[in-house]
Amino acid sequence: MTIAKLVAGALLALACAGCVTDAELRAADEARCRSFGFRTQSDGFANCLLQLDLDRSAERRYRMDTAFSGPYWGPYYGRRW
């Protein structure tokens with residue numbers, strides 16, 4: 001019984017280790033834009049944040065569109081319906 005609890009605890013710890021809250025993601029994006037030299041409250045900083053968000057959305061869309069493109073579905077990009 002204790003081994004099962006240890007395994008369950010380890011799996012829970014691994015699952016939670018990859019979680020990032022929206023506030024943590026925003027702080028990381030702001031730090032990245034500041035490292036590029038943009039100052040907060042400027043148009044360049046806002047555009048940097050927007051570009052990071054758009055890149056993240058495009059990556060998410062690409063992963064969802066190609067999730068089932070294995071040998072059965074065929075080796076081409078995008079949805080097939």
Undergrad: Are the side chains of Arg56 and Asp29 in touch, meaning some heavy atoms are under 4.5 Å apart?
TA: yes
Undergrad: Who pairs with Asp55 by side-chain hydrogen bond (donor to acceptor under 3.5 Å, both in side chains), at least two apart in sequence or on another chain?
TA: Gln51
Undergrad: Quick one: closest heavy-atom pair of Leu25 and Val20, and the distance?
TA: N-CG1, 3.8 Å
Undergrad: To the closest 0.5 Å, what do you measure between CG (Asn47) and CZ (Phe38)?
TA: 8.0 Å
Undergrad: Tell me the closest heavy-atom pair linking Phe45 and Cys33, and the distance in Å.
TA: CE1-CB, 3.6 Å
Undergrad: Can you name the nearest heavy-atom pair linking Cys48 to Phe36, along with the distance?
TA: SG-CD1, 3.9 Å
Undergrad: Hydrophobic side-chain clustering at under 4.5 Å (ILVMFWY, transitive links): who's grouped with Leu52? Put none if nobody.
TA: none
Undergrad: What's the spacing between Arg61 CZ and Glu59 CD if we round to 0.5 Å?
TA: 10.5 Å
Undergrad: Please say whether more than 12 non-hydrogen atoms of neighbouring residues, nucleotides or ligands are located less than 6.0 Å from CZ in Arg32.
TA: no
Undergrad: Is the number of heavy atoms from other residues, nucleotides or ligands under 6.0 Å of Glu24 CD greater than 12?
TA: yes
Undergrad: Does a side-chain heavy-atom distance below 4.5 Å link Thr40 with Glu30?
TA: no
Undergrad: If you link I, L, V, M, F, W and Y whenever their side-chain heavy atoms are under 4.5 Å apart, who else ends up in the same group as Leu50?
TA: Leu54
